[in-house]
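Input: a single structure, listed below in structure tokens.
If you're wondering where the values come from, they're calculated on a predicted model, not measured in any experiment.
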Amino acid sequence: MRARIILLALTMAMATSWAWAGEGDNRLTVSAGFLVPNTLNAVVGFEHELRYGNAWELSFEAGDRYRKDPVCGKYCSDVFWKGYYWAAGAAYKKVLAKGKNSSFRIKGGPQFGAYKGDFTYGGEISFEYNIQLENGVQVSLIQKNQVNFNHGDDFRNGILVAFKIPF
């Protein structure tokens, strides 16, 4: 009897030795936040998780660098949406620390887009802290750092809050 239990345990261990927790999970990422200077930012992305919590992400981002109206001196709707931009990018996310239901990652990759109709390109290096809830949804706090070329916002830094929904 004891030999059967040991044999069954060894067989199950060998049959499942190729499985890693979270490997192959796909998530829809929705995030929004504030970047300095005076920029609202929203991102929608697709994240594919790899082994050991690392991941790839394809994302689309839109934002607005708002400024005060030079005539009235306030944030008026006439000039508020004049500094919009959009970008698409890909990023690799490397796990720096992993807990039972959390992970801390560094994210980096290129971005391409437009600002007021002009082509822009740049890169992003960000940090994200993820907490996984019981239903599989992840809540993330992202510290974003971007550098852009041919753009009104050369450097953008800020904080975003994200929800990652598994599918």
Is it true that N41 and Y85 share a donor-acceptor pair across their side chains at a distance under 3.5 Å? yes
Close side-chain approach of T39 and D64, heavy atoms under 4.5 Å: no
Less than 3.5 Å apart, any donor N or O on the side chain of Q132 or N130 sitting next to an acceptor on the other? no
Does a donor on one side chain and an acceptor on the other come within less than 3.5 Å for E124 and S126? yes
Less than 6.0 angstrom separating the ring centers of Y121 and F149, yes or no? yes
Shared ILVMFWY cluster between F127 and I131, side chains joined below 4.5 angstrom? yes
Parallel, tilted or perpendicular, judged at 30° and 60°: which one describes the rings of Y129 and F104? tilted
Are V147 and F112 connected in a single hydrophobic cluster, I mean Ile/Leu/Val/Met/Phe/Trp/Tyr linked by side-chain heavy atoms less than 4.5 Å apart? yes
Which value, rounded to the nearest 0.5 Å, describes the distance between F155 atom CZ and N145 atom CG? 11.0 Å
Can K164 and E49 be said to form a salt bridge (charged side-chain N to carboxylate O under 4.0 Å, His left out), step by step? CA-CA 12 Å; K164 298 179 180 183; E49 197 158 334; over 6 Å; no
To the nearest 0.5 angstrom, please state how far the CD atom of Q111 sits from the CZ atom of F60. 11.0 Å
Can you tell if the side chain of V161 reaches within under 4.5 Å of the side chain of L141, non-hydrogen atoms only? yes
Atom NZ in K107, atom OG in S59: separation rounded to 0.5 Å? 5.0 Å
Just do the side chain to side chain contact (heavy atoms under 4.5 Å, CB included) check on V43 and L160 with the steps written out, would you? CA-CA 9 Å; V43 180; L160 285 82; 4.2 Å; yes
Check for me, please, whether L96 and W56 land in the same ILVMFWY cluster - side-chain distances under 4.5 Å, paths through other members count. no
Would you please classify the geometry between the F167 ring and the F46 ring as parallel, tilted or perpendicular, with 30° and 60° separating the classes? tilted
Might you work through the side chain to side chain contact (heavy atoms under 4.5 Å, CB included) test for V44 and T29, ending with a clear yes or no? CA-CA 6 Å; V44 175; T29 303; over 6 Å; no
Around atom CD1 of I125, are there more than 12 heavy atoms of other residues, nucleotides or ligands at under 6.0 Å? no
Got a second to check how far I106's CD1 is from K94's NZ, nearest 0.5 Å? 11.0 Å
Please round to the nearest 0.5 Å and tell me the distance separating atom CG of N157 and atom CD of Q143. 6.5 Å
Which atom pair, heavy atoms only, marks the closest approach of S31 to A162? CB-CB, 3.4 Å
Checking side-chain polar atoms at under 3.5 Å, does E61 have a donor or acceptor matched by the opposite partner on Q146? yes
For N54 and K93, run side chain to side chain donor-acceptor pair (under 3.5 Å): C-alpha distance rounded to whole Å, both residues' side-chain angles, the deciding distance at 0.1 Å, then the answer. CA-CA 6 Å; N54 300 327; K93 299 177 175 185; over 6 Å; no
So, taking the atom named CZ in F163 and the one named CG in L133, what distance separates them when rounded to the nearest 0.5 Å? 8.5 Å
Between the side chains of T120 and N148, is a donor N or O closer than 3.5 angstrom to an acceptor N or O? no
R105 with E47: basic N within carboxylate O range, under 4.0 Å: yes
